[in-house]
**Student:** 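Once you've had a glance at the structure underneath, I'll fire off some questions.
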Amino acid sequence: MNQIEKQVDGIIVRLKMIDELKPLRFVREYGTHDIEMPVTGLLAVVSLTDTALTKSHIGDYLSSTVKGERYRAKAEIRVYAPATENGSGLSETVSVLMAGLKSADTEKIITDIGASSIEFDPDMNSICRTVNFAIEFYLCEEA
């Protein structure tokens, strides 16, 4: 597991501790979890959509000997609900999820948070909203 996945997993673990998100089942996209078809409850599929790694001098004028790696990634959580629902429960869950991302970000690495409108996913036969967030963090060492 790489550093980006570890950071995102840590955020998801802290999201699972929020009482309002207890009914939400989190799974990784391309993971080993079985996903019920059709969706019978709230389901959150977590995936990384873009990643970047940059090596650079972190210290700038403070210290040119501090070197590190800057990690950047974009992640998304697609929240699915049964197609028979009207979408209000889905929107409430997404609102709690967006607020929860701020509190789950104990290391202050999340830079952007956003959400899509409600869409119908014919493959899953469910309604869906996507929460997008970006993270950026450094791993440094003395050269």
Side-chain angles (χ1 to χ4, degrees), residues 1-82 85 87-143:
M1 182 181 302
N2 68 36
Q3 293 297 328
I4 294 172
E5 288 173 334
K6 286 181 185 178
Q7 294 292 340
V8 172
D9 284 352
I11 291 168
I12 299 302
V13 165
R14 291 185 289 277
L15 283 173
K16 289 179 179 181
M17 293 182 210
I18 298 172
D19 287 336
E20 294 91 349
L21 296 178
K22 296 271 186 200
L24 192 57
R25 183 174 153 226
F26 287 88
V27 296
R28 270 197 190 136
E29 185 175 41
Y30 308 117
T32 58
H33 304 295
D34 291 330
I35 298 176
E36 69 275 2
M37 296 290 262
V39 174
T40 57
L42 290 172
L43 177 69
V45 179
V46 181
S47 62
L48 292 171
T49 58
D50 187 28
T51 58
L53 168 64
T54 307
K55 293 183 183 283
S56 63
H57 289 281
I58 306 298
D60 290 334
Y61 67 91
L62 295 175
S63 170
S64 62
T65 62
V66 177
K67 295 184 181 191
E69 299 173 329
R70 180 175 80 169
Y71 293 86
R72 289 180 292 146
K74 292 181 182 174
E76 68 180 24
I77 304 171
R78 289 187 313 281
V79 182
Y80 293 93
E85 296 203 7
S88 65
L90 179 61
S91 291
E92 290 170 9
T93 301
V94 166
S95 294
V96 171
L97 187 58
M98 289 178 70
L101 279 170
K102 291 179 183 178
S103 63
D105 183 20
T106 57
E107 297 179 7
K108 305 300 180 210
I109 62 172
I110 295 179
T111 58
D112 295 315
I113 301 173
S116 71
S117 59
I118 296 176
E119 300 172 358
F120 178 73
D121 185 333
D123 294 332
M124 299 279 283
N125 191 27
S126 61
I127 55 177
C128 173
R129 282 191 76 186
T130 303
V131 175
N132 300 294
F133 63 98
I135 61 172
E136 183 174 332
F137 61 95
Y138 296 88
L139 292 179
C140 303
E141 63 184 35
E142 194 77 26

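None of the values given here were measured: they were computed from a predicted structure. Count residues from 1 along the sequence.
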**Student:** Looking only at heavy atoms, which two atoms of T49 and A75 are closest? And how far apart?
**Tutor:** OG1-N, 4.2 Å
**Student:** Go through the structure and list residues passing salt bridge (charged side-chain N to carboxylate O under 4.0 Å, His left out) with R129, not counting sequence neighbours.
**Tutor:** none
**Student:** Rounded to the nearest 0.5 Å, how far does CD of Q7 lie from CD1 of I12?
**Tutor:** 12.0 Å
**Student:** Return the CD1 to CG distance between I77 and L24, rounded to the nearest 0.5 Å.
**Tutor:** 8.0 Å
**Student:** Mind listing the closest non-hydrogen atom pair of S126 and A81 along with its distance?
**Tutor:** CB-O, 2.9 Å
**Student:** Mind listing the closest non-hydrogen atom pair of I18 and S103 along with its distance?
**Tutor:** CD1-OG, 4.2 Å
**Student:** With distance as the sole test, does D121 use its side chain to make a donor-acceptor pair with the main-chain N or O of C128 at under 3.5 Å?
**Tutor:** no
**Student:** Heavy atoms, side chains only, cut-off 4.5 Å: are F137 and E107 in contact?
**Tutor:** no
**Student:** At their closest point, which heavy atom of Q3 faces which heavy atom of Y71, and how far apart are they?
**Tutor:** CG-OH, 3.8 Å
**Student:** Nearest 0.5 angstrom please: E136 CD to K74 NZ, how far?
**Tutor:** 11.5 Å
**Student:** Could you report the tightest heavy-atom contact between M98 and A115, atom names first, then the distance?
**Tutor:** SD-CB, 3.5 Å
**Student:** Please determine which of D105, D112, I4 meets the side-chain contact (heavy atoms from CB on, under 4.5 Å) test together with I135.
**Tutor:** I4
**Student:** Do the charged groups of R28 and E5 touch, with an N to O distance under 4.0 Å?
**Tutor:** no
**Student:** Can you tell me how far apart CD (E76) and CD (E29) are? Round to the nearest 0.5 Å.
**Tutor:** 7.0 Å
**Student:** Using the side-chain hydrogen bond (donor to acceptor under 3.5 Å, both in side chains) criterion, which residues pair with T93? Sequence neighbours excluded.
**Tutor:** none
**Student:** Can V45 and F26 be said to form a side chain to side chain contact (heavy atoms under 4.5 Å, CB included), step by step?
**Tutor:** CA-CA 6 Å; V45 179; F26 287 88; over 6 Å; no
**Student:** Given side chains that start at C-beta, do those of V39 and N125 come closer than 4.5 Å, heavy atoms only?
**Tutor:** no
**Student:** How close do K102 and K108 get, heavy atom to heavy atom, and via which atoms?
**Tutor:** O-NZ, 4.2 Å
**Student:** Does T130 offer a backbone N or O that forms a donor-acceptor pair with the side chain of S116 under 3.5 Å?
**Tutor:** yes
